[in-house]
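What follows is a single structure, written as structure tokens, with notes after it.
Side chains are part of it too, since the values below use all heavy atoms of this structure and drop only hydrogens, waters and symmetry mates. In listed order, ligands and their atoms are each counted from 1.
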Amino acid sequence: MTDSAAALVERLTTIVPDFPKPGVLFRDVTPVFADPIAFGRVCEALAAPFAVGGGFAAVAGIEARGFALAGGIAAQHQVGVLTVRKAGKLPGDVLSEQYALEYGEAELELRPGQLEPGTRVLVVDDVLATGGTAAATVTLLERAGYEAIGFAALLELDGLSGRERLEPRLPVTTLGRVPA
Ligand SMILES: O=P(O)(O)OC[C@H]1O[C@H](OP(=O)(O)OP(=O)(O)O)[C@H](O)[C@@H]1O
Ligand SMILES: Nc1ncnc2[nH]cnc12
């Protein structure tokens, strides 16, 4: 039988204890990216709920693992990619947002003016934990004048309220829930 995208994520994701800090159970999804069948299939599954209705005209990938997913989805749907990067990586004028993580503080940046105002953008990342990263990304996209139409991730971590934080702002799809 053909494995579903959710089954592939469950089977291929590995758990790394105490990374990047003691006490964190890190979910490493990079084996999903390395598997040619799984990568295409998860990209299809992440975007499918958002391809109906008005669809999306761009995909925003969050550094770092969101970049791979955004590229895969964008190629399948023939739309462009926006890269949402950690502070200090993008040249020129940037919009910045600070946020809190499961394991620290960080800042994300986006170059404005790359797409038409009102462009419908799907936001993608590997893992939804507290939702701080995704919320900061949605804020950056809105500040740039775009419409964030949904958030999609491979995994969400239970008990960190990421979904609860995001759903008042936009629809959320993930391919699996795992303990934090
Ligand atoms: O929902 P949150 O609590 O905000 O956490 C989710 C974020 O944490 C991880 O990235 P990380 O910040 O570790 O950076 P990396 O991609 O550079 O490893 C993950 O890839 C998400 O982007
Ligand atoms: N436990 C975790 N595993 C992978 N990515 C994460 N981002 C935040 N928490 C994470």
Side-chain angles (χ1 to χ4, degrees), residues 5-6 8-35 38-39 42-43 45-47 50 58-74 81-90 94-111 121-144 146 148 150-180:
L8 288 165
V9 172
E10 184 178 4
R11 180 153 58 80
L12 294 171
T13 299
T14 60
I15 298 179
V16 185
D18 299 319
F19 181 86
K21 293 192 174 162
V24 175
L25 271 188
F26 188 80
R27 309 282 169 167
D28 180 15
V29 302
T30 55
V32 179
F33 298 168
D35 182 302
F39 182 66
V42 300
C43 287
L46 289 174
F50 304 105
V59 187
I62 304 175
E63 186 171 0
R65 289 165 295 278
F67 289 172
L69 294 166
I73 293 169
V81 170
L82 292 174
T83 54
V84 177
R85 299 214 60 179
K86 301 285 163 57
K89 302 283 189 178
L90 289 170
V94 292
L95 301 172
S96 302
E97 278 291 318
Q98 290 186 328
Y99 62 102
L101 271 175
E102 186 189 6
Y103 36 71
E105 291 281 326
E107 187 173 5
L108 285 176
E109 293 182 341
L110 172 69
R111 288 192 76 177
V121 181
L122 173 63
V123 183
V124 296
D125 204 354
D126 61 333
V127 171
L128 172 62
T130 66
T133 306
T137 298
V138 171
T139 300
L140 283 172
L141 292 168
E142 288 172 349
R143 287 175 57 197
Y146 309 136
F151 173 80
L154 297 179
L155 286 175
E156 63 185 287
L157 304 189
D158 263 338
L160 296 177
S161 303
R163 179 178 283 272
E164 290 75 6
R165 180 171 182 175
L166 288 180
E167 278 183 333
R169 300 179 73 180
L170 78 178
V172 173
T173 286
T174 65
L175 302 183
R177 296 181 79 105
V178 290

Under a 4.0 angstrom heavy-atom cut-off, which atoms of ligand 2 come close to L157? 1 (N), 2 (C), 9 (N), 10 (C)
Once rounded to the nearest 0.5 Å, what's the spacing between atom CZ of F26 and atom OG1 of T13? 10.5 Å
Test: E63 and K86 ion pair at under 4.0 Å: no
For ligand 1, which atoms sit closer than 4.0 Å to a heavy atom of D125? 20 (O), 21 (C), 22 (O)
Any idea which atoms of ligand 1 are less than 4.0 Å away from a heavy-atom of V127? 6 (C), 21 (C)
Part of D126 with heavy atoms under 4.0 Å of ligand 2, whether side chain, backbone, both or neither: neither
Is the closest side-chain donor-acceptor distance between T139 and R169 under 3.5 Å? yes
Taking only heavy atoms of A129 into account, list the atoms of ligand 2 that are under 4.0 Å away from them. 8 (C), 9 (N)
Under 4.0 Å to a heavy atom of T130 - the qualifying atoms of ligand 1, by number: 1 (O), 2 (P), 3 (O), 4 (O)
Rounded to the nearest 0.5 Å, what separates atom CZ in F151 from atom CZ in R163? 10.0 Å
Can any side-chain N or O of R143 pair as donor or acceptor with the backbone N or O of S96 at less than 3.5 Å? yes
Which atoms of ligand 1 sit under 4.0 Å from any heavy atom of E63? 16 (O)
Counting only heavy atoms closer than 4.0 Å, does ligand 1 sit against the backbone of K86, its side chain, both, or neither? side chain
May I ask you to decide if G132's main-chain N or O and T130's side chain share a donor-acceptor pair within less than 3.5 Å? yes
Distance-only N or O hit between ligand 2 and R27, under 3.5 Å: yes
Which atom names give the shortest non-hydrogen contact between I15 and R27, and what distance separates them? CD1-NH1, 3.1 Å
Does even one non-hydrogen atom of G131 get within less than 4.0 Å of ligand 1? yes
Atoms of ligand 1 less than 4.0 Å from T133 heavy atoms? 2 (P), 4 (O), 5 (O), 6 (C), 7 (C), 22 (O)
Enumerated ligand 2 atoms positioned under 4.0 Å from heavy atoms of V127: 4 (C), 5 (N), 6 (C)
A129 N/O under 3.5 Å from ligand 1 N/O: yes
Counting heavy atoms only, which part of D126 comes closer than 4.0 Å to ligand 1: side chain, backbone, both or neither? side chain
Among L46, L12, L128, the one residue meeting side-chain contact (heavy atoms from CB on, under 4.5 Å) with L154: L46
Do any N or O atoms from the side chain of D28 and from the backbone of T14 form a donor-acceptor pair under 3.5 angstrom? no
Using a 4.0 Å cutoff against the non-hydrogen atoms of R65, which atoms of ligand 1 qualify? 9 (C), 10 (O), 15 (P), 16 (O), 18 (O), 19 (C), 20 (O)
Check ion pair R177-E156 (N to O, under 4.0 angstrom): yes
Numbered atoms of ligand 2 (with element) below 4.0 Å of L25, judged on heavy atoms: 1 (N), 2 (C), 3 (N)
